[in-house]
Amino acid sequence: MTLRRLMPSVAGYIDDRFLRWRTGTSEGQSAALGILLAFSVAIFIASIVSYNTVPAASFVVPMLLGSLTLRYRPLGTLVLVCAVLIAISVTLATLDAGMTPGRISTLVSVAVVAVVVLVDAGRRRSGLPGQIGEAMLVDLNNRLQAQGVVPALPRGWTSQSAMLSAGGAKFSGDFLVANLSDDQRTLEMILVDVCGKGVAAGTQSLQLAGALGGLIGALPPQGLFAAANDYLVRQEWEEGFATAVHVIIDLETGTYSIISAGHPPALHWTGEEWEIDTARGVALGLLPRPEFHHTTGVLAVGESLLFYTDGIVETRDRDIDEGVEWLRGIATLAMAEGVDGAARRIIDQVRGQDDDRAVLVLSREA
């Protein structure tokens with residue numbers, strides 16, 4: 001009975017320590033260091049009992065685990081303790097059986113591993129071990145992606161999106177930011193393509209997505225694009241520009257306005273064909289005060305708007321204009337099978353996988 005009562009407490013303690021380690025706190029680091037030190041002592045005791053079974057090379061295991069879980073200072077402590085334990089273990093083994101060439105090569109190999117582990121940890125700009133740094137980055141990416149999920153729309157409206165990153169990486173230069181007004185009448189969406197692809201553009205897209213997520217719905221479309229442009233200009237990134245398309249639509253009347261900043265043209269499905277929208281503009285981050293021109297229209301029942309990034313239409317052997325014509329044909333076939341799943345069917349037809357790809361479809365149904 002006592003064991004059953006203790007189990008939840010132990011499980012809760014372990015879960016709490018794991019969470020603290022995952023967030024990089026000092027308590028979590030201390031717990032991880034304690035576990036690895038205990039593991040190292042266990043290896044040391046086993047080595048004293050039978051050095052041939054557990055040689056000095058076994059200490060490489062806790063050092064490698066430490067490189068994945070510990071910051072630089074705790075890792076340095078672990079390596080120092082392992083070095084002392086190795087010295088004692090090898091000394092006792094040498095007094096018993098003498099120094100051998102194999103034992104010398106083992107010591108050299110362990111020393112090289114220790115140096116590599118410490119140098120690698122010292123070069124991490126975040127100061128966090130790889131596993132924690134990656135977990136925090138993925139968590140940040142998931143939170144920002146969540147703000148790009150289009151909210152549940154009023155009856156008669158549907159939206160769908162599909163995104164794929166270059167090479168299947170978890171981070172992409174393409175992202176979506178959406179906002180539905182409190183009265184559920186006005187929907188705003190921005191589809192952005194940050195210069196670059198895959199992980200290279202991932203960090204920049206995370207920053208820009210966070211900035212746009214805080215501004216959408218609070219500024220008018222022209223002011224929103226002007227603020228985003230100023231933000232990119234201030235960053236002074238080596239490739240600090242992005243293309244974007246913004247749509248704001250009245251969900252009661254179907255009236256919409258589109259602003260484009262160097263983005264491929266939006267398409268309007270009339271029920272029979274895809275018409276090319278004429279909104280044009282300069283990409284964000286290139287000029288201090290660019291001009292953005294907008295187009296307006298009405299989305300009637302049975303019609304749709306299609307937004308996409310250049311990874312959908314541009315390839316090495318096809319420019320954007322040819323790609324847009326290709327997309328009109330592919331999208332027509334996709335709509336022939338119904339609105340549901342159209343975005344996924346379109347993106348599945350794209351041949352190239354060396355660029356980020358995104359498709360967004362907004363439809364008004366009966």
Side-chain angles (χ1 to χ4, degrees), residues 1-139 170:
M1 193 69 176
T2 304
L3 183 60
R4 290 183 179 180
R5 292 179 179 178
L6 286 176
M7 287 299 291
S9 300
V10 174
Y13 176 81
I14 294 175
D15 184 66
D16 177 70
R17 293 296 137 181
F18 176 77
L19 180 61
R20 290 176 181 272
W21 166 79
R22 192 173 183 272
T23 54
T25 62
S26 56
E27 294 89 346
Q29 288 290 291
S30 297
L33 176 60
I35 293 173
L36 291 174
L37 287 176
F39 182 35
S40 301
V41 171
I43 293 176
F44 171 71
I45 294 174
S47 178
I48 296 299
V49 174
S50 177
Y51 184 86
N52 291 331
T53 304
V54 186
S58 303
F59 286 93
V60 168
V61 177
M63 286 192 289
L64 291 179
L65 292 176
S67 69
L68 297 175
T69 57
L70 297 177
R71 292 180 176 178
Y72 184 76
R73 287 189 178 181
L75 180 60
T77 301
L78 175 65
V79 172
L80 179 61
V81 171
C82 286
V84 172
L85 297 179
I86 290 172
I88 297 174
S89 175
V90 171
T91 300
L92 294 177
T94 301
L95 292 176
D96 182 49
M99 182 64 72
T100 63
R103 196 162 293 167
I104 295 175
S105 63
T106 298
L107 289 175
V108 173
S109 299
V110 172
V112 170
V113 170
V115 172
V116 170
V117 164
L118 290 175
V119 170
D120 178 67
R123 294 177 61 186
R124 295 175 189 148
R125 290 183 294 178
S126 66
L128 298 173
Q131 294 297 316
I132 297 179
E134 181 180 359
M136 294 181 68
L137 192 59
V138 170
D139 183 60
K170 291 184 179 180

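What you are looking at is a predicted structure, and each value in this text was computed from that prediction instead of being measured.
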Visitor: For a quick test of reading the model, state the closest non-hydrogen atom pair linking Ala57 to Thr106 and the distance between them.
Guide: N-CG2, 3.6 Å

Visitor: Show me the pairs that pass side-chain hydrogen bond (donor to acceptor under 3.5 Å, both in side chains) and involve residues 51-61, at least two apart or across chains.
Guide: Ser50-Thr53

Visitor: Say you draw a straight line from CG of Leu75 to CG of Leu80; how long is it, rounded to the nearest 0.5 Å?
Guide: 11.0 Å

Visitor: Using the test side chain to side chain contact (heavy atoms under 4.5 Å, CB included), find all partners of Leu37 that sit at least two apart in sequence or belong to another chain.
Guide: Leu33, Leu78, Val81

Visitor: Identify every side-chain donor-acceptor pair in residues 112-119 under 3.5 Å, counting partners at least two apart or on other chains, and give the distances.
Guide:
none

Visitor: Quick one, Ile86 with Phe44, criterion side chain to side chain contact (heavy atoms under 4.5 Å, CB included). Give me CA distance, side-chain angles, the key distance, then yes/no.
Guide: CA-CA 8 Å; Ile86 290 172; Phe44 171 71; over 6 Å; no

Visitor: Restricting to side chain to side chain contact (heavy atoms under 4.5 Å, CB included), what partner residues turn up for Thr94, sequence neighbours left out?
Guide: Val90, Met99, Arg103

Visitor: Looking at CZ of Phe59 and CG of Leu85, how far apart are the two atoms once the value is rounded to the nearest 0.5 Å?
Guide: 5.0 Å

Visitor: Taking only residues two or more places apart in sequence, or in another chain, which ones meet Ile35 in a side chain to side chain contact (heavy atoms under 4.5 Å, CB included)?
Guide: none

Visitor: Tell me, please, which residues at least two apart from Ser47 pass side chain to side chain donor-acceptor pair (under 3.5 Å).
Guide: Ser89

Visitor: Between CG of Leu70 and CG of Leu65, what distance do you get to the nearest 0.5 Å?
Guide: 9.0 Å

Visitor: Val110 vs Met63, test: side chain to side chain contact (heavy atoms under 4.5 Å, CB included). Steps then yes/no.
Guide: CA-CA 10 Å; Val110 172; Met63 286 192 289; 3.7 Å; yes

